[in-house]
Amino acid sequence: MPVYNIHLQSPDKTIDTVVPCRHDQPILEAAEAQGLALPYSCRSAACGTCAGRVLSGTVSLDEQFILGDGDLEAGYTCLCSALPTSDCRILTHQRSNIDGV
Ligand code: FES
(Lines give C-alpha, C1' and ligand atoms only; values in the text may rest on other atoms or scores of the structure.)
Protein backbone atom coordinates (compact mmCIF):
# COMPACT_ATOMS: atom_id res chain seq x y z
CA MET A 1 0.00 0.00 0.00
CA PRO A 2 1.77 3.18 -1.13
CA VAL A 3 2.33 5.92 1.41
CA TYR A 4 3.24 9.35 0.08
CA ASN A 5 4.98 12.28 1.72
CA ILE A 6 2.75 15.33 1.68
CA HIS A 7 4.53 18.61 2.34
CA LEU A 8 1.95 21.05 3.68
CA GLN A 9 2.67 24.76 3.83
CA SER A 10 0.46 27.65 4.83
CA PRO A 11 0.73 31.00 3.05
CA ASP A 12 2.21 32.66 6.14
CA LYS A 13 4.47 29.62 6.79
CA THR A 14 3.04 28.91 10.24
CA ILE A 15 2.61 25.43 8.77
CA ASP A 16 5.58 23.87 7.04
CA THR A 17 5.57 20.15 7.67
CA VAL A 18 5.59 16.78 5.92
CA VAL A 19 2.92 14.22 6.77
CA PRO A 20 2.69 10.61 5.58
CA CYS A 21 -0.52 9.84 3.67
CA ARG A 22 -1.73 6.49 2.35
CA HIS A 23 -2.96 6.38 -1.24
CA ASP A 24 -6.51 5.74 0.02
CA GLN A 25 -6.48 8.39 2.77
CA PRO A 26 -7.80 11.94 2.35
CA ILE A 27 -4.99 14.43 2.89
CA LEU A 28 -6.99 16.31 5.55
CA GLU A 29 -7.26 13.08 7.55
CA ALA A 30 -3.53 12.40 7.23
CA ALA A 31 -2.79 15.89 8.56
CA GLU A 32 -5.16 15.36 11.49
CA ALA A 33 -3.49 12.04 12.28
CA GLN A 34 -0.25 14.00 12.77
CA GLY A 35 -1.97 16.53 15.05
CA LEU A 36 -2.23 19.20 12.37
CA ALA A 37 -5.64 20.89 12.43
CA LEU A 38 -6.56 22.24 9.00
CA PRO A 39 -9.84 24.07 8.27
CA TYR A 40 -12.83 22.01 7.18
CA SER A 41 -16.60 22.00 7.35
CA CYS A 42 -18.56 19.58 5.16
CA ARG A 43 -15.86 16.93 4.58
CA SER A 44 -17.62 16.02 1.34
CA ALA A 45 -16.03 18.34 -1.25
CA ALA A 46 -18.98 20.72 -1.25
CA CYS A 47 -18.00 23.85 0.71
CA GLY A 48 -14.38 24.67 -0.16
CA THR A 49 -13.37 25.39 3.45
CA CYS A 50 -10.53 22.88 3.17
CA ALA A 51 -9.24 24.17 -0.18
CA GLY A 52 -5.56 23.71 -0.87
CA ARG A 53 -3.39 24.33 -3.90
CA VAL A 54 -1.16 21.58 -5.24
CA LEU A 55 2.21 23.15 -6.06
CA SER A 56 3.89 19.91 -7.08
CA GLY A 57 2.86 16.28 -7.31
CA THR A 58 -0.57 14.89 -8.11
CA VAL A 59 -3.81 14.12 -6.27
CA SER A 60 -7.01 12.40 -7.27
CA LEU A 61 -10.32 14.10 -6.53
CA ASP A 62 -13.08 12.00 -8.05
CA GLU A 63 -16.16 13.95 -7.12
CA GLN A 64 -16.38 17.55 -5.95
CA PHE A 65 -19.07 20.21 -6.00
CA ILE A 66 -17.34 23.51 -5.35
CA LEU A 67 -14.27 24.06 -7.54
CA GLY A 68 -14.65 25.62 -10.97
CA ASP A 69 -12.68 24.58 -14.05
CA GLY A 70 -10.30 27.50 -13.50
CA ASP A 71 -9.72 26.43 -9.90
CA LEU A 72 -8.90 22.89 -10.98
CA GLU A 73 -6.58 24.09 -13.73
CA ALA A 74 -4.78 26.28 -11.18
CA GLY A 75 -4.17 23.24 -8.94
CA TYR A 76 -6.79 23.85 -6.26
CA THR A 77 -8.29 20.82 -4.59
CA CYS A 78 -10.45 19.84 -1.63
CA LEU A 79 -8.14 18.38 0.99
CA CYS A 80 -11.06 16.65 2.77
CA SER A 81 -11.51 14.38 -0.23
CA ALA A 82 -8.30 14.48 -2.28
CA LEU A 83 -6.22 11.29 -2.27
CA PRO A 84 -2.51 11.51 -3.10
CA THR A 85 -1.17 9.77 -6.20
CA SER A 86 2.43 10.90 -5.63
CA ASP A 87 4.51 12.85 -3.13
CA CYS A 88 3.11 16.40 -3.09
CA ARG A 89 3.74 19.93 -1.96
CA ILE A 90 0.47 21.67 -1.09
CA LEU A 91 -0.42 25.17 0.04
CA THR A 92 -3.15 25.06 2.72
CA HIS A 93 -5.75 27.69 3.69
CA GLN A 94 -6.80 28.56 0.14
CA ARG A 95 -10.57 29.03 0.66
CA SER A 96 -10.40 32.75 -0.15
CA ASN A 97 -8.53 32.11 -3.40
CA ILE A 98 -10.96 29.77 -5.14
CA ASP A 99 -13.59 31.11 -7.52
CA GLY A 100 -16.03 28.22 -7.13
CA VAL A 101 -18.53 26.85 -9.63
S1 FES B 1 -14.53 20.44 4.02
FE2 FES B 1 -16.01 21.15 2.62
S3 FES B 1 -15.04 20.91 0.70
FE4 FES B 1 -13.66 20.00 2.09
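One is the number of the first residue; the rest follow in order along the sequence. For ligands, and for the atoms within them, numbers begin at 1 and follow the listed sequence.
Around CG of D12, the count of heavy atoms belonging to other residues, nucleotides or ligands within 6.0 Å exceeds 12. Around atom OH of Y4, more than 12 heavy atoms belonging to other residues, nucleotides or ligands sit under 6.0 Å away.
A donor-acceptor contact closer than 3.5 angstrom is absent between the side chains of T85 and S60.
Cluster annotation: V19 and L38 are assigned to the same hydrophobic cluster (Ile/Leu/Val/Met/Phe/Trp/Tyr, side-chain heavy-atom contacts under 4.5 Å, transitive). Hydrophobic clustering of Ile, Leu, Val, Met, Phe, Trp and Tyr side chains at less than 4.5 Å, counting indirect connections, keeps L67 apart from I27.
Below 4.0 Å from some heavy atom of A46 lie the following atoms of ligand 1, by number and element: 3 (S). Within ligand 1, counting atoms from 1 as listed, the ones closer than 4.0 Å to a heavy atom of R43 are 1 (S), 2 (Fe). Using a 4.0 Å cut-off to heavy atoms of C80, the atoms of ligand 1 that qualify are 1 (S), 3 (S), 4 (Fe). For ligand 1 and A45, the ligand atoms under 4.0 Å from any heavy atom of the residue are 3 (S). Of all atoms in ligand 1, numbered sequentially from 1 with element shown, those under 4.0 Å from a heavy atom of S41 are 1 (S).
Closest approach of G57 to S86, counting heavy atoms only: CA-OG, 3.3 Å.
T77 OG1 to Q64 CD: the interatomic distance, rounded to the nearest 0.5 Å, is 7.5 Å.
Distance check for C47 against atom 2 (Fe) of ligand 1: an N/O/S atom falls below 2.8 Å. Note on C42: counted as a metal contact of atom 2 (Fe) of ligand 1, an N/O/S atom lying under 2.8 Å. Atom 4 (Fe) of ligand 1 has an N, O or S atom of C50 inside 2.8 Å of it.
At a heavy-atom distance under 4.0 Å, no atom of S81 approaches ligand 1.
G48 N, 3.2 Å is the protein heavy atom nearest to atom 3 (S) of ligand 1.
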